[in-house]
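Structure first, then comments.
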Amino acid sequence: MNNVFNNLTDSLSAEFKNFDLDEVVHFSLSKLTDYDLQINNLVKYNKARYFNELQENIIKKINSSEIFQTVDESNLGFLNLSLNHNFLMKQITNTQNDFKHNKSHKIIFDYGGPNIGKPLHVGHMRTLNIGRSLYNIHSFIGNEVISDIHLGDWGMPIAQIITYLESKNIDIKILDSSQLEIIYPKASEMYKNNLEFRDRAQVINKLLNNNDKNLLQIWESIKKISIASLEENFKILNHNFDYWLGESDVNDLIPGMIEDLIKNNKVVDDEGALISVEDTDPKILITKSDGSYLYITTDLATILYRQNNIGYDKTLYIVDNRQSLHFKQLFSSLKFFNFNDLDHEHIAYGTLNDSKGNPFKTRDGGTKPLRELFNETYIYIEKINNSLDHSTISKLTNSVLTYSDLITNRKTDYKFDLEKFTNVNGKTGIYVQYSQVRARKLLGNSESQNSEVTELILNDTDKQLLSRLFLFGYFLEQSASLNEPHHLANYLYEISNLFNQFYENEKISDINDPQHVSSKLFITNLFLTTSNSVMSCLGITPVDKM
RNA sequence: GCUCUCGUAGCUCAAAUGGAUAGAGCAACAGACUUCUAAUCUGUAGGUUAUAGGUUCGAGUCCUAUCGAGAGCGCCA
């Protein structure tokens with residue numbers, strides 16, 4: 001919540017303390033339509049002797065704060081509150097300034113995770129959208145944020161590609177990214193079906209681990225081509241990363257790490273492989289029997305790298321649901337191995353499917369490149385309104401791809417339905433963009449009349465919108481503390497919808513009283529600011545016109 | 001076989017830390033445009049929260065069982 005509210009809840013918690021009750025007071029949205037917020041902490045004490053006295057003290061404190069206009073008490077102990085608009089209009093701006101807090105945390109966002117040699121495909125969309133949004137949200141509330149793409153640039157997949165190039169006698173220098181990208185599926189299939197190929201790939205993998213000069217050169221070329229292609233895609237999709245660290249960057253740390261684990265009796269030999277001695281079921285495999293490394297080996301080394309070179313309070317791994325066992329093992333291992341005592345959290349999300357609930361595929365059954373989904377969406381929007389310029393359609397396309405993803409709780413699987421998500425009505429990226437364009441235009445038209453607001457003149461529609469705008473902090477906090485952007489995405493729809501009602505309800509150009517006009521413009525302005533703040537938290541760029 | 005996640009309106013989803021009468025959006029039906037952009041707004045209808053028990057002042061939310069769906073389960077990442 002905004003600091004205005006937080007100061008009050010702190011002092012209300014203190015009231016409970018006076019009666020020896022350990023209650024952290026917090027607001028919920030009111031269930032009663034005439035009120036904005038409610039406090040439920042009192043309910044469980046409604047049979048206590050001191051109930052009336054406690055409730056009275058609480059109400060007294062609330063009244064002295066001026067934040068609320070009315071307080072409605074029920075004999076059950078629910079307190080319903082309606083916001084004091086004329087007071088809050090001077091307190092709340094819904095910009096970043098409202099949410100700065102003292103104890104900032106340094107958080108690493110580990111997301112994206114593309115592999116070199118493979119195209120960015122629809123499977124990457126959710127980690128990119130959720131990762132970017134959480135990064136922006138935490139940045140907005142004043143945390144120190146660092147994103148790391150966690151590039152898959154090492155291990156068997158790379159060895160497979162190189163083996164393929166070798167077997168077909170292809171010179172890497174003449175390849176571009178699109179040619180490179182069709183090689184991986186072929187190499188992967190040969191690895192599965194061709195024993196000779198498989199043996200050679202494993203040899204190459206080992207040689208790479210031993211820094212074979214020739215192979216490293218080929219590897220570097222592959223990496224260079226891939227990164228250029230990724231950067232091009234990210235430019236279109238509006239993604240940025242602070243660090244482009246890959247698995248290869250931590251490779252050198254692994255031998256020493258393993259040595260220490262052996263020395264400290266944290267791992268033991270098991271048919272040539274190393275397993276953790278931690279009592280878990282299943283047992284945690286740290287290295288393979290041929291001595292080569294696994295997913296968890298590099299992830300552990302990455303943690304060492306980050307704690308030594310970057311430093312952090314918390315790391316969020318924005319990765320698919322299906323990898324929850326891996327993260328359970330990773331987090332448990334890093335404690336068991338005494339690496340550090342910092343926070344690590346797996347921000348899991350469900351699978352993205354097509355509109356029928358099936359895995360996203362291209363027409364010929366391959367994995368669908370993200371770029372292709374972007375293009376299809378772009379064309380669809382262009383058909384609806386072909387008078388828009390390229391940059392605007394691109395922004396709208398990204399809005400659709402982002403908003404449709406974030407409107408759903410990240411934990412569940414979701415279906416991407418192009419027709420539904422480009423609809424102008426409903427909870428779509430298009431609708432929220434349209435609403436803020438309307439507001440922008442309105443303010444542009446009325447610029448000359450914009451004067452200082454001293455007192456708000458509000459009808460019911462105005463009040464509803466304004467109340468919701470003042471509650472931005474409530475939804476921001478919910479999204480930030482649960483790392484769930486959908487609370488803010490839904491909030492953006494709510495305020496957009498309320499703004500459209502406000503817009504249709506009373507024409508500003510028909511109002512003569514300058515006080516009344518300023519009041520309307522104040523609300524419009526606050527809506528626009530709020531909409532922009534939420535969009536920035538979600539990773540959506542507002543368009544100027546549409 | 002073992003472990004985890006989930007089951008809410010015809011469809012897609014909300015309801016954070018247990019709180020009052022479970023909310024939205026689509027689709028359906030009925031309305032409002034010589035417009036501050038109708039790419040909008042208004043209204044109607046739609047529910048035994050999978051089922052059966054339990055915990056308590058109070059359960060969609062916590063516990064147990066059953067049914068159903070999905071995912072994962074040491075040498076891929």
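Below, all heavy atoms of this structure are taken into account, side chains as well, without hydrogens, waters or symmetry copies. In the text below, chain A, chain B and the rest are named by the order of the sequence lines, each starting its count at 1.
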Pair [X] + [Y], salt bridge at N-O below 4.0 Å:
X	Y	result
Lys520(A)	Asp462(A)	yes
Arg438(A)	Glu504(A)	yes
Asp290(A)	Lys288(A)	no
Lys545(A)	Asp389(A)	yes
Lys266(A)	Glu278(A)	no

Give one of base, sugar-phosphate or nothing for [X], where a contact means two heavy atoms less than 4.0 Å apart.
X	result
Gln433(A)	nothing
Gln501(A)	sugar-phosphate
Asn80(A)	base
Val437(A)	base
Tyr293(A)	sugar-phosphate
Gln38(A)	base
Glu419(A)	nothing
Asn505(A)	nothing

Nearest whole angstrom, please: distance from the [atom2] of [N] to the [atom1] of [X].
X	N	atom1	atom2	result
Asn321(A)	U3(B)	CG	C1'	14 Å
Lys283(A)	G72(B)	NZ	C1'	20 Å
Lys206(A)	C75(B)	NZ	P	17 Å
Asn40(A)	U61(B)	CG	P	18 Å
Phe327(A)	C73(B)	CZ	P	14 Å
Asp270(A)	G74(B)	CG	P	13 Å
Asp417(A)	A27(B)	CG	P	11 Å
Asp110(A)	A77(B)	CG	P	16 Å

Mind checking the [atom1] distance from [N] to [M]? Whole angstroms is fine.
N	M	atom1	value
A69(B)	G74(B)	C1'	28 Å
U49(B)	G60(B)	C1'	5 Å
C6(B)	A14(B)	C1'	16 Å
U17(B)	G53(B)	P	25 Å
U55(B)	C63(B)	P	15 Å

Write out a two-atom table: protein N or O, nucleotide N or O from nucleotides 9-14 of chain B, distance below 3.5 Å.
residue	atom	partner	partner atom	Å
U12(B)	OP1	Lys415(A)	NZ	2.7
U12(B)	O2'	Lys420(A)	NZ	2.8
C13(B)	OP1	Asp413(A)	O	3.3
A14(B)	OP1	Asn409(A)	N	3.0

Looking only at the aromatic ring of each residue, does the gap between the centers of [Y] and [X] stay below 6.0 angstrom?
X	Y	result
Phe527(A)	Phe499(A)	yes
Phe331(A)	Tyr317(A)	yes
Phe197(A)	Tyr191(A)	no

Partners passing ring-ring contact (aromatic ring centres under 6.0 Å, His included) against His486(A) (at least two apart in sequence or in another chain):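 Applying ring-ring contact (aromatic ring centres under 6.0 Å, His included) to His486(A) gives none.
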Expected output: side-chain His326(A) to main-chain Gln323(A) donor-acceptor under 3.5 Å: no
With sequence neighbours excluded, residues passing side-chain contact (heavy atoms from CB on, under 4.5 Å) with Lys411(A): Asn409(A), Glu484(A)
For Glu181(A), all residues meeting salt bridge (charged side-chain N to carboxylate O under 4.0 Å, His left out), sequence neighbours excluded: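 Testing Glu181(A) for salt bridge (charged side-chain N to carboxylate O under 4.0 Å, His left out), a comparison that skips the adjacent residues, returns none.
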Ile275(A) side-chain proximity, nearest of C75(B), U40(B), G74(B): G74(B)
Asn425(A) side-chain proximity, nearest of A77(B), G19(B), U40(B):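 That would be U40(B).
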First encountered from the 5' end of RNA chain B, between Asp72(A) and Leu285(A): Asp72(A)
Residue whose nearest RNA chain B nucleotide is more 5′ - Gln478(A) or Arg438(A): Gln478(A)
Side-chain N,O (Asn115(A)) to OP1/OP2 (A77(B)) below 4.0 Å: no
Phe5(A) and Phe27(A) aromatic ring geometry - parallel, tilted or perpendicular at 30°/60° bounds: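 It falls in the perpendicular class, over 60°.
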Residues within residues 491-500 of chain A bordering RNA chain B, heavy-atom distance below 4.0 Å: Tyr493(A), Asn497(A), Asn500(A)
Dot-bracket encoding per residue of RNA chain B, Watson-Crick/G-U cut-off under 3.5 Å, | denoting interstrand: (((((((..((((.....[...)))).(((((.......))))).....(((((..]....))))))))))))....
